[in-house]
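Residues: numbered from 1 along the sequence shown.
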Amino acid sequence: KAALLDLFDQAGGEHWFLKTGWVAPASDPCMSNWLGVFCDDHGRITALLLPNNNLTGVIPRSLGHLTHLSTLSLPKNALRGLIPAELSALAALRTLDLAYNL
């Protein structure tokens with residue numbers, strides 16, 4: 001959950017077009033249906049899909065702590081900077097879509 005809050009903070013979450021669930025940080029992202037967050041039956045985050053949602057700033061290194069993440073899809077935003085090296089340690093990651101960012 002901390003990695004998701006880092007994403008919200010570092011990618012301009014206050015200015016996202018849609019942020020259902022993200023503005024209630026005390027809630028559980030899996031049980032409270034945070035927009036774009038998908039979890040398995042054990043409450044582990046497996047996918048993060050936030051295309052065309054006005055994300056700005058950088059991708060936080062802490063996303064590398066989402067060890068069960070298989071899909072990270074953040075295309076058509078305004079993210080900038082390097083792809084964090086920590087993402088390379090995500091053994092479950094099968095889809096990485098960062099197209100059409102800065």
Side-chain angles (χ1 to χ4, degrees):
K1 177 179 171 180
L4 297 179
L5 296 177
D6 287 346
L7 177 65
F8 189 82
D9 289 339
Q10 294 180 34
E14 291 299 320
H15 304 287
W16 292 1
F17 297 137
L18 301 170
K19 50 190 165 205
T20 304
W22 291 81
V23 293
S27 66
D28 181 279
C30 295
M31 300 300 291
S32 300
N33 297 317
W34 287 22
L35 177 81
V37 177
F38 298 87
C39 304
D40 64 14
D41 292 337
H42 302 286
R44 299 177 297 211
I45 298 166
T46 57
L48 186 53
L49 292 84
L50 293 167
N52 197 27
N53 201 32
N54 200 39
L55 278 68
T56 60
V58 298
I59 299 169
R61 295 185 324 219
S62 58
L63 288 187
H65 296 142
L66 300 176
T67 56
H68 295 278
L69 194 68
S70 64
T71 302
L72 178 58
S73 180
L74 307 174
K76 299 181 182 177
N77 285 292
L79 295 167
R80 58 180 167 70
L82 299 174
I83 298 171
E86 289 78 0
L87 297 185
S88 67
L90 295 174
L93 192 64
R94 298 293 177 258
T95 303
L96 176 62
D97 185 356
L98 303 174
Y100 302 105
N101 279 283
L102 301 178

Check your understanding: So how far is it from K76 NZ to N53 CG, rounded to the nearest 0.5 Å?
Key -> 13.0 Å
Exercise for review: Give a yes or no on this: more than 12 heavy atoms of other residues, nucleotides or ligands lie within 6.0 Å of atom CG of L82.
Suggested key: no
Study note, to complete from the structure: Tightest non-hydrogen contact, residues A3 and P60, listed as O-CG, 4.4 Å
Practice item. Any pair with a residue in residues 50-65 that passes salt bridge (Lys or Arg N to Asp or Glu O under 4.0 Å), sequence neighbours left out, goes on the list, sorted by first then second residue, please. Key: R61-E86
Exercise for review: Might you point out which heavy atoms bring S27 and G21 nearest each other, and give the distance in Å?
Suggested key: OG-O, 3.8 Å
Practice item. Run through the side-chain heavy atoms of Ile, Leu, Val, Met, Phe, Trp and Tyr, join any pair under 4.5 Å, and report what else lands in F38's cluster. Key: L49
Exercise for review: Report the residues that fulfil side chain to side chain contact (heavy atoms under 4.5 Å, CB included) with V37, sequence neighbours left out, ordered by chain and then residue number.
Suggested key: L4, W22, P29, W34, C39, I45, L48
With a 3.5 Å cut-off and sequence neighbours excluded, list the donor-acceptor pairs that the side chains of residues 92-101 form with protein atoms.
unit_1: R94; atom_1: NH1; unit_2: A91; atom_2: O; d: 2.9
unit_1: D97; atom_1: OD1; unit_2: A99; atom_2: N; d: 3.1
unit_1: N101; atom_1: OD1; unit_2: N77; atom_2: N; d: 3.4
unit_1: N101; atom_1: OD1; unit_2: A78; atom_2: N; d: 3.4
unit_1: N101; atom_1: OD1; unit_2: L79; atom_2: N; d: 2.9
unit_1: N101; atom_1: ND2; unit_2: L74; atom_2: O; d: 3.0
unit_1: N101; atom_1: ND2; unit_2: L98; atom_2: O; d: 2.9
unit_1: N101; atom_1: ND2; unit_2: A99; atom_2: O; d: 3.4

Point to revise | Pairs involving residues 13-26, ordered by first then second residue, that meet salt bridge (Lys or Arg N to Asp or Glu O under 4.0 Å) (sequence neighbours left out) | key: none
Check your understanding: With no hydrogens and no angle check, is any side-chain donor or acceptor of W16 less than 3.5 Å from a backbone partner on F8?
Key -> no
Check your understanding: Which value, rounded to the nearest 0.5 Å, describes the distance between N52 atom CG and L18 atom CG?
Key -> 9.5 Å
**Study point:** Cluster link V58 to L5, ILVMFWY, side chain under 4.5 Å
**Key:** no
Review point. Hey, is the main chain of F17 close enough, under 3.5 Å, to the side chain of N54 for a donor-acceptor pair?
Key: no
**Study point:** Inter- and intrachain pairs under salt bridge (Lys or Arg N to Asp or Glu O under 4.0 Å), touching residues 26-52, at least two apart
**Key:** D40-R44
Practice item. Evaluate the criterion side-chain contact (heavy atoms from CB on, under 4.5 Å) for residue pair L7 and L50; output intermediate values, then yes/no. Key: CA-CA 11 Å; L7 177 65; L50 293 167; 4.1 Å; yes
Review point. Say you draw a straight line from CG of D6 to NZ of K1; how long is it, rounded to the nearest 0.5 Å?
Key: 12.0 Å
